[in-house]
Structure formats: C-alpha cells, structure tokens
**Student:** 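Below is one structure. I have some questions about it.
In what follows, every chain begins at residue 1, and chains take the letters A, B, ... in the order their sequences are listed.
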Amino acid sequence: MRMSRLFGRTLREAPADAETTSHQLLLRAGFIDQLMAGAYSYMPLGHRTKLKVEQIVREEMGAAGAQEVLLPAIHPVELWEQSGRVESMGSVLFTLRDKRDRRLVLGPTHEEVITRLFTDHTSSYRDVPVTLYQIQTKFRDEARPRGGLVRVREFTMKDAYSFDLDESGLDASYQAMFEAYGRIFTRCGVPTVPVEADSGAIGGKGSQEFIYINETGEDVVALCDGCGYAANTEKAAFVRPPALAADALPMEEIHTPGAQTIDELATFLDVEERQTAKAVFYMAEGGGEADEPIFAVVRGDLQINEVKLSNTLGGRSLRAMTDGEVDDFGLTAGAASPVGLGDRMKVIADVSVEGSPNLVAGANRPDYHLVNTNLGRDWTATEVADIALAEDGHRCGSCEAGTIRLHRGIEMGHVFRLGQIYSEAFETDVLGPDGTGVVPTMGCYGIGVDRIVAAAVEAGHDDDGITWPASIAPYDVAIVALRLDRDEDVAADAEALYGELRAAGLEVLFDDRIESPGVKFNDADLIGLPLRLTVSQRNHAQDAVELRRRDNGATELVPRGEIVERVQALRAEALAALAEAADRVNDGR
RNA sequence: CGGGGAGUGGCGUAGCUUGGUAGCGCACCUGACUGGGGGUCAGGAGGUCGCCGGUUCAAAUCCGGCCUCCCCGACCA
C-alpha cells in the first residue's frame, strides 16, 4: 500500500476523549474512529489488524477441531423467551420491531441460536462430539461503554459451542478450547492468565476467564504468590484473617452516639474492625414473584461479595434495599442487627462471623449497638456461607499458605462448562447407542476480537507509538523513502524495492509521500510495523538499505541485493518465536 | 441509574468571570527554500461556538430546558 493513497491520517495529539493508551494510539495512528459511545469504525490499518487476529483465531479453532459457521445477528424474541434470558439479560438486549411488528433481538451472544441449529440438524450420538464456532458482530446495550475498544456496544466476538454426550466428552472439548485460547492470545502477543471465574447469568458448572493483567482493565483478579491459584475476585476463595480468641461474654446494649459506619463504630469503641459485624440489606429479585428481603452479615473487616451472595441465593439478582423498604422492614440503617430479627427475613452470614466471638452489632435502634453478640447464641442465620470479598494481602484459599495479590485486568476470553441448560431449554436430544434419548452437554467459549486488538497495543507500545507483534501488524514492513521527489535514483530504487518485497509475498506499507524525514519516521513509529526500511541517498550510495526493528530499535545496513531475504528471515523469526511461545503456553496450566 | 467533568473548523485549545469583528498551534491547499527524527518563510481555504428557547439594541459569553461525549461507581456470558 502506498501511504500517499492510504485512507486515514495520523494525529499529533490524541483526542481528549481517549483516556487509555491503546485508545489514544489507535486513534492517533489512524486505526479506528469513534462514531458514538461504544461504536467504532475500523479504518484500513485497523481493519487489517483485526482480520489478522481473526485469521489466527480461525487457524487455532480449526486445529482444535472446531467448524466455522455464521449465524444471524437478528433473532426472534421468542427464542430468547424460550431460554428465559429476556429476563436475565434484561437491559443489555437490543430489541427492535420489524414492519410486521414482530419483536426482534440483536444477538448479544448465540447460545440460543446454536442450540436450535444443533437440534434441527442432529439426531444421533454419531453426530457428536461437535464444536461449532463463528466470528460475528454482537450487540449489547451496555450501561457504560468504556476504555475505547475494551467495552463497546457493537463488537466482534468469536464464540464457540461444543456438544457432547456426557461429562467426560465435555471435559475433552473444554480442554481443547482452553488450550486453543492460550495459543491464540500468545500468538497475538497478549499475555493472559487463566483464572477461575463466576459463571454469571449464563449459568453452568464452572468457567475460566483469560485475563490480560493491565491497570485499565475492569475485572479484578486474585493471584496467589505461593501456589499459583488465580481467580476472579467474584469467585476467589480466601482464608479469613483470624478472629480475636475469647470466651463468649454477656451481650449488652450500649450507647454509641453518631457511630454509623464500621469505621466510626470501631473508633468510638476502640476495637478492631474484625470485632464488629457488618450488616447489609438487599432485595433479591425473583422471577415474577415479589422481591425478597435479604439480610447479609460479614465481619466488619470484610466486604460483601455480591456475586457470591447471589450464588448462595441460587443466582437471583440483587439490588440494594431502598430507604423506604428499610423502614418497611423495621431495619435501622447504621445500627441494624441480626439479633431479634427472628425469621422475618433470610439472614445470610459469612463464615467469618461463625468463628468470631463477641462481635459488636447494631441494636436496631439509632445510636445504640450490642456488644458481645455471638452467632448461634444470640441470633441465627438462615445460612452460613462464603459471601465475602477477597482482598489484597489475604491468605490464599487454595494452598492456605500463599498471599493473595489483587490485580486489575481485561477479560480477553471466557470458557464455560454450560452443561444441559440450553439443551434442556430447547428440548435437544440425540439417540444413544441403546436407542434412548440423550440430552447433550454443552460448553461455550468466547473471545473478544476487538479486545485483542486493544490489548495488543497495551502490551506493545512505547513513547513513540505502537509496537505490533509480527503476527497482527497491519503490514509486515514499512518502506520510508527520503527525498524521493528530488532524487530519481532513490525514488526508482524505493519503487523497485516495493515491488520486490510484494513479489516475495510480503505486505508492504510504502511511504511515498513528499514529507520531511522526521514526519515519515515518526509516523512509521506511531503505526508500529515490526520492520522499517529506509531508502535514501546515503544508503543508496552504498548500495544498501537501512533495516530497523521497531521493537528494540536495532538497525543494520543490509546490502541491497539481500534485503528481501533479510526481511523474510526476520519476519519468519518473529513469527516462529510467537508460535514457539504458543506451543509452550499450556505447559503447566 | 447515582456522582464528577467537558462540548468553539479534522485534532488540541484560548476567549466566557466583566455581552460588542471568533483567535492560536497542529493538520489541509498554493509557492519557495530545506530535508536522516514532527524544518522555515509567504499566501490561502475551512467554524450554524452541541441543540432549542429566553433576556438584551446586541449572546460563544447571561438565564432555562434538552442532547451528546468522557471518567468513577452501579450494572455486565
């Protein structure tokens, strides 16, 4: 491609709206353009990179035995009613009506469609296992798009779905996808950590996320520095800091004027936070039925983990209780107590409360608290469960020896053991060898293609611009020709080189613009192709071309006759290094 | 949805407090010089100042309403 003809222009300054590095650089280098919140156009350079990411995904999916399909983006709403996800996806569903007033959904994901497709085209156990995947535009009416390409409302996702006869089949299909994921991200130059994850509204029995650790990410993951345990904080198991050992003392009501928060209470009474009990009230939203009040209790030094709490309640979604509801249920904010609550509502206590004697709790009247409350003696919980949030510095819940460190990260991919949720909802079955019907067990596996593009920039850039990995750079090599309007020899040589490289199968971005050297070099650095060739009078006089690596700045003067070979060698070397890393990434995982 | 910030040529911004000709840098066009790290000079083109309404002789500026975008949170296979 001749840069003089390339659509899109580089910017010296990043648009003020762009906050993250990847967003700024992709805008400045002319890869993407924002149309509205959460919707971006890909310009030629960006589109080329995205296509390369997709190609890598295709290669690895194929190698893992998955078959590519393409499913509709518009779905009849009935399909979503059948699975029950009109409710559970709720406000993120984009909906519309056609001219006959049929209600349609813009697909945010495709479990429903793929399950229907499978059901209609499969009837025998001989047809499974099968894994189907597609690369599609998905639509989600996100409450808050953010971070450039990281969270958008229209995006490209690779989603794969496996169908197996039984659990062991699912295990194999899941493992194949898991390994393919590690290879895909590695080949794209994005380091990821697989972490245990909550399965969320999609349901299922276990899932893992592939997280790219990065400060701009919206997920928080817990990594153990001892055993390598890695989990999303939504899920992370940890050991509670020990309680202060003591015999149970008599409960007593005391005056605590102005002490509303745990911090104020602990300060006022001169006790540690772990000697208090924290109460938080929620409403559990029930399908069709009235919302149910939930009284959650954790020890004062911990936070409620709403995802864990929701799972304890069978996955029902939670919302904070309104002030009116707090009054209606006779609770006292700032001094609420599980003591005396009786069976007026469900009380869910964290396991931290169970082993902690003599906690300070509310007295259920303003400015009074109860000291020395003890679970079991003074009050009872409907259920004692793990409903607290792991924090940095906590002991690891897996090895019970290491320390948990919290990191922010971007979710690049997510693999789920779905089970039979969708196959049951769509009455899918295949005949087994013995002639009886078997409901297939499913897995689903997603990758955010746009996120790979963004994360690759986060992972590969310097002060001058992007440093693309060879695997997904929009072109393999840049030719910067200096003074080509003044020097016919240089111009002719650059032109010839452009032809030779392309004839050798290389993808070339030829900067043939009439610009000063500084502009050209800076643009080349910003766009970030792995290799740069400088054709100039100086080099031409030596019958050579300067070759510079974008990643480490190493330069070499290559004899003109060897340049194509040298470029090919460096490119092959870079790709081989990525492939080799991909071969190793699943060792020990 | 709650909190915060911002809308002025393609990008970055000044002007707004105290109403009176819309300014600067980059980018863009023409010419000259220069040219191995965003060069210099000269001359140009391009803006309903987010939208609607109000106040006023006069509104980018003051007042009211709305819209949009960004950040934090809530939410999120």
Side-chain angles (χ1 to χ4, degrees), chain A residues 8-20 23-24 27-28 30 33-39 83 85 88-93 107-112 114 138 140-148 150-153 155 157 159-161 197-204 207-209 216 218-219 232 234 282 285 306-307 310 315 317-320 322 411 413-418 421-422 442-448 463-465 480-487 490 513-526 532 534-540 546 548 553 555:
Chain A
R9 181 174 286 134
T10 58
L11 296 175
R12 191 173 297 200
E13 292 177 281
D17 282 348
E19 186 100 344
T20 61
H23 193 194
Q24 291 180 348
L27 287 169
R28 282 187 54 208
D33 178 77
Q34 180 170 12
L35 180 63
M36 61 175 178
S83 68
R85 286 212 291 181
S88 59
M89 299 281 304
S91 62
V92 308
L93 273 188
T109 175
H110 281 75
E111 281 79 11
E112 284 78 358
I114 200 79
K138 311 269 175 162
R140 294 186 191 177
D141 195 359
E142 296 286 355
R144 183 155 96 78
R146 69 182 90 183
V150 170
R151 179 166 292 273
V152 288
R153 301 197 292 171
F155 57 101
M157 172 182 260
D159 53 338
Y161 305 94
D198 182 72
S199 303
I202 196 168
S207 72
Q208 287 165 289
E209 292 169 334
T216 65
E218 16 172 29
D219 281 273
N232 194 302
E234 291 176 350
Y282 294 95
E285 300 181 322
E306 293 183 15
V307 173
S310 169
S317 58
L318 299 170
R319 61 174 173 84
T322 64
E411 179 187 352
H414 203 157
V415 290
F416 285 85
R417 295 173 205 274
L418 272 183
I421 299 169
Y422 294 93
M442 293 175 60
C444 72
Y445 319 92
I447 284 182
D463 291 346
D464 298 319
V480 171
L482 302 183
R483 297 191 51 155
L484 79 177
D485 56 327
R486 296 291 185 84
D487 189 318
V490 166
R513 298 174 302 170
I514 313 300
E515 286 287 355
S516 71
V519 169
K520 292 189 171 197
F521 287 139
N522 279 301
D523 277 348
D525 286 346
L526 180 60
R532 185 188 80 193
T534 305
V535 180
S536 67
Q537 273 184 325
R538 201 158 88 188
N539 299 332
H540 189 64
E546 182 191 280
R548 183 173 192 270
T555 62

**Student:** Determine which nucleotide pairs with B:C51, using a 3.5 Å limit on both distances of a Watson-Crick or G-U wobble pair.
**Tutor:**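 Partner of B:C51: B:G65.
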**Student:** What contact category does A:Asp525 fall into here, base, sugar-phosphate, or nothing, at under 4.0 angstrom with non-hydrogen atoms?
**Tutor:**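 Base, at least one base heavy atom under 4.0 Å.
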**Student:** Considering non-hydrogen atoms only, spot the tightest contact between A:Leu93 and A:Arg85 and give its length.
**Tutor:**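 The pair with the smallest heavy-atom distance is CD1-O, 4.4 Å.
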**Student:** Per the atom types in the model, does the base of B:G37 pair as donor or acceptor with the side chain of A:Asp464 at under 3.5 Å?
**Tutor:**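 For A:Asp464, whose side chain was compared with the base of B:G37, there is no donor-acceptor pair (under 3.5 Å).
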**Student:** Work out which heavy atom in A:Ala197 is nearest to a heavy atom in A:Asn232; give both atom names and the distance.
**Tutor:**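 Here A:Ala197 and A:Asn232 meet closest at CA-CB, 4.3 Å.
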**Student:** If the C1' atom of B:G44 is compared with that of B:C52, how far apart are they to the nearest Å?
**Tutor:**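 After rounding to an integer number of Å, I get 36 Å for this pair.
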**Student:** Which part of the nucleic acid does A:Ala143 contact within heavy-atom distance under 4.0 Å: base, sugar-phosphate only, or nothing?
**Tutor:**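 Base contact.
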**Student:** So do the side chains of A:Arg153 and A:Met36 get within less than 4.5 Å of each other, counting heavy atoms only?
**Tutor:**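 Yes, close enough: below the 4.5 Å cut-off.
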**Student:** What contact category does A:Glu234 fall into here, base, sugar-phosphate, or nothing, at under 4.0 angstrom with non-hydrogen atoms?
**Tutor:**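 Contact class for A:Glu234: none.
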**Student:** For B:G35, what is the paired nucleotide under Watson-Crick or G-U wobble rules, both distances under 3.5 Å?
**Tutor:**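 The answer is none; no pair meets the criterion.
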**Student:** Would a distance-only check, ignoring hydrogens and angles, find a side-chain to backbone donor-acceptor pair under 3.5 Å from A:Tyr282 to A:Ser310?
**Tutor:**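 Checking the backbone N and O of A:Ser310 against the side chain of A:Tyr282, no donor-acceptor pair under 3.5 Å is found.
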**Student:** Using the side-chain heavy atoms of A:Ala16, tell me which of these nucleotides is nearest: B:C11, B:G38, B:U13.
**Tutor:**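 Within the option list, the nearest is B:U13.
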**Student:** Take atom CD of A:Glu13 and atom P of B:A27, then tell me their distance rounded to the nearest Å.
**Tutor:**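 Rounded to the whole Å, the gap is 11 Å.
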**Student:** Please report, rounded to the nearest Å, how far the C1' atom of B:A74 is from the CD atom of A:Glu306.
**Tutor:**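 From A:Glu306 CD to B:A74 C1': 9 Å.
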**Student:** Write down the distance separating the P atoms in B:G20 and B:A60, rounded off to the nearest Å.
**Tutor:**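 Their P atoms lie roughly 9 Å apart.
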**Student:** Classify the side chain of A:Ser536 versus the base of B:G36 as yes if they form a donor-acceptor pair under 3.5 Å and no if they do not.
**Tutor:**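 Result: at least one qualifying N/O pair found.
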**Student:** Assess the residue pair A:Ile421 and A:Glu111 against the criterion (side-chain contact (heavy atoms from CB on, under 4.5 Å)); give the C-alpha distance rounded to whole Å, side-chain angles, the decisive distance to 0.1 Å, and a yes or no.
**Tutor:** CA-CA 10 Å; A:Ile421 299 169; A:Glu111 281 79 11; over 6 Å; no
**Student:** Pick base, sugar-phosphate or nothing for A:Glu218, based on heavy-atom distances below 4.0 Å to the nucleic acid.
**Tutor:**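 Here A:Glu218 touches no strand at all.
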**Student:** Closest heavy-atom contact between A:Leu27 and A:Asp33?
**Tutor:**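 Residues A:Leu27 and A:Asp33, closest heavy atoms: CD2-CA, 4.3 Å.
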**Student:** Which nucleotide, B:G37, B:C72, B:G38, lies nearest any side-chain atom of A:Phe521?
**Tutor:**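 Out of B:G37, B:C72, B:G38, the nucleotide with an atom closest to A:Phe521's side chain is B:G37.
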**Student:** Just the rounded figure in Å: distance from C1' of B:C1 to CD of A:Glu142.
**Tutor:**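 Atom-to-atom, A:Glu142 to B:C1, this comes out as 15 Å.
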**Student:** Taking atom P in both B:G47 and B:C33, compute the distance separating them and give it to the nearest angstrom.
**Tutor:**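 These two P atoms come out 32 Å apart once rounded.
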**Student:** Check every strand shown and say whether A:Ala14 touches a base, only sugar-phosphate, or nothing at a heavy-atom separation below 4.0 Å.
**Tutor:**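 Sugar-phosphate, no base atom in range.
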**Student:** Under 3.5 Å for both donor-acceptor distances, Watson-Crick or wobble: does B:G23 have a partner, and if so which one?
**Tutor:**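 Because both required distances fall under 3.5 Å, B:G23 counts as paired with B:U13.
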**Student:** Let's test this: given Watson-Crick or G-U wobble pairing with both distances under 3.5 Å, identify the partner of B:G2.
**Tutor:**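 Looking at the geometry, B:G2 pairs with B:C72.
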**Student:** Are any of A:Arg146's side-chain N or O atoms less than 4.0 Å away from OP1 or OP2 of B:C71?
**Tutor:**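 No, no such contact exists.
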**Student:** Which part of the nucleic acid does A:Arg9 contact within heavy-atom distance under 4.0 Å: base, sugar-phosphate only, or nothing?
**Tutor:**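 Answer is sugar-phosphate: A:Arg9 comes under 4.0 Å of backbone atoms only.
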**Student:** Roughly, in whole Å, what's the span from CZ in A:Arg28 to P in B:C26?
**Tutor:**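 The distance from CZ of A:Arg28 to P of B:C26 comes to 16 Å, rounded to the nearest Å.
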**Student:** For the base of B:U34, is there a side-chain donor-acceptor partner from A:Arg486 under 3.5 Å away?
**Tutor:**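 Pair found.
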**Student:** Sticking with atom P, work out how far B:U48 lies from B:C1, rounded to a whole angstrom.
**Tutor:**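 Their P atoms lie roughly 32 Å apart.
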**Student:** Using a heavy-atom cut-off of under 4.0 Å over every strand shown, decide if A:Asp487 touches base, sugar-phosphate, or nothing.
**Tutor:**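 Nothing, no nucleic acid heavy atom in range.
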**Student:** Please work out if A:Arg532 contacts a base, only the sugar-phosphate, or nothing of the nucleic acid, heavy-atom cut-off 4.0 Å.
**Tutor:**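 Base, at least one base atom sits under 4.0 Å.
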**Student:** Write down the distance between CG (A:Asp17) and C1' (B:G12), rounded to a whole number of angstrom.
**Tutor:**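 Interatomic distance, CG of A:Asp17 to C1' of B:G12: 12 Å.
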**Student:** So, applying side chain to side chain contact (heavy atoms under 4.5 Å, CB included) with A:Val490, which one of A:Asn539, A:Val535, A:Asp485 is it?
**Tutor:**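 The side chain to side chain contact (heavy atoms under 4.5 Å, CB included) with A:Val490 is passed solely by A:Val535 among A:Asn539, A:Val535, A:Asp485.
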**Student:** On RNA chain B, compare the nucleotides closest to A:Ala18 and A:His414; which residue's is nearer the 5' end?
**Tutor:**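 It is A:Ala18 whose nearest nucleotide is closer to the 5' end.
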**Student:** Give one of base, sugar-phosphate or nothing for A:Asn522, where a contact means two heavy atoms less than 4.0 Å apart.
**Tutor:**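 Base contact - A:Asn522 has a heavy atom under 4.0 Å of at least one base atom.
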**Student:** Report yes if some heavy atom in the side chain of A:Thr534 is under 4.5 Å from a heavy atom in the side chain of A:Phe521; otherwise report no.
**Tutor:**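 A side-chain contact under 4.5 Å exists here.
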**Student:** Is any side-chain nitrogen or oxygen of A:Gln34 closer than 4.0 Å to OP1 or OP2 of B:C70?
**Tutor:**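 Answer is yes, contact under 4.0 Å.
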**Student:** Under a 3.5 Å cut-off for both distances, is B:G43 Watson-Crick or wobble paired, and to whom?
**Tutor:**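 Result: B:C29.
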**Student:** Measure from the side chain of A:Arg144, starting at C-beta and using heavy atoms only, and say which of B:C72, B:G38, B:C70 lies closest.
**Tutor:**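 Shortest atom-to-atom distance from the side chain points to B:C72.
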**Student:** Under 4.0 Å, heavy atoms only, any strand: does A:Gly147 hit a base, just the sugar-phosphate, or nothing?
**Tutor:**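 It contacts sugar-phosphate atoms only.
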**Student:** Rounding to the closest angstrom, what is the interatomic distance between B:C11 and B:C69 at atom P?
**Tutor:**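 About 15 Å, rounded to a whole number of Å.
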**Student:** Can you see if the side chain of A:Arg319 gets near the phosphate of B:A74 - specifically, an N or O under 4.0 Å from OP1 or OP2?
**Tutor:**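 Indeed not, no polar side-chain atom of A:Arg319 lies that close.
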**Student:** Say we look at B:C51 and B:U8: how far apart would their P atoms be, to the nearest angstrom?
**Tutor:**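 Here B:C51 and B:U8 have their P atoms 10 Å from each other.
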**Student:** Give none if B:U18 has no partner; otherwise give the nucleotide forming a Watson-Crick or G-U wobble pair with it, both distances under 3.5 Å.
**Tutor:**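 None - no nucleotide pairs with B:U18, as no candidate has both distances under 3.5 Å.
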**Student:** Starting at CD1 of A:Ile514 and ending at C1' of B:G31, how long is that distance when rounded to a whole Å?
**Tutor:**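 In whole Å, B:G31 C1' lies 15 Å from A:Ile514 CD1.
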**Student:** Whole-Å distance between B:C75 C1' and A:Asp219 CG?
**Tutor:**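 Atom CG in A:Asp219 sits about 13 Å away from atom C1' in B:C75.
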**Student:** Toward the 5' end of RNA chain B, which comes first, A:His110 or A:Arg153, by nearest nucleotide?
**Tutor:**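 Counting from the 5' end, the first nearest nucleotide belongs to A:Arg153.
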**Student:** With both distances kept under 3.5 Å, what pairs with B:U56, Watson-Crick or G-U wobble?
**Tutor:**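 Pairing partner: none.
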**Student:** Could you check whether any side-chain heavy atom of A:Lys138 comes within less than 4.5 Å of a side-chain heavy atom of A:His110, counting everything from C-beta outward?
**Tutor:**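 Yes - at least one pair of side-chain heavy atoms lies under 4.5 Å apart.
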**Student:** Please classify the nucleic acid contact of A:Glu515 as base, sugar-phosphate, or nothing, using heavy-atom distances under 4.0 Å.
**Tutor:**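 Answer is base: heavy atoms of A:Glu515 come under 4.0 Å of a base.
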**Student:** B:G36 C1' sits how many Å from A:Asp485 CG, rounded?
**Tutor:**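 From A:Asp485 CG to B:G36 C1': 15 Å.
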**Student:** Do A:Arg146 and A:Thr20 have side chains that approach each other closer than 4.5 Å (heavy atoms only, starting at C-beta)?
**Tutor:**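 Sidechains of A:Thr20 and A:Arg146: no contact.
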**Student:** With rounding to whole Å, what would you report as the distance between B:G53 and B:G12 at their P atoms?
**Tutor:**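 Between the two P atoms, the distance is 28 Å.
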**Student:** Considering only B:C75, B:C26, B:G35, which nucleotide approaches the side chain of A:Arg12 most closely?
**Tutor:**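 From the listed options, B:C26 comes nearest.
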**Student:** If you check the A:Met36 side chain, which of B:G37, B:C69, B:G36 turns out closest?
**Tutor:**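 Selected nucleotide (nearest to the side chain): B:C69.
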**Student:** For atom C1', what is the distance between B:A14 and B:U30, given to the nearest Å?
**Tutor:**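 So the two C1' atoms sit 29 Å from each other.
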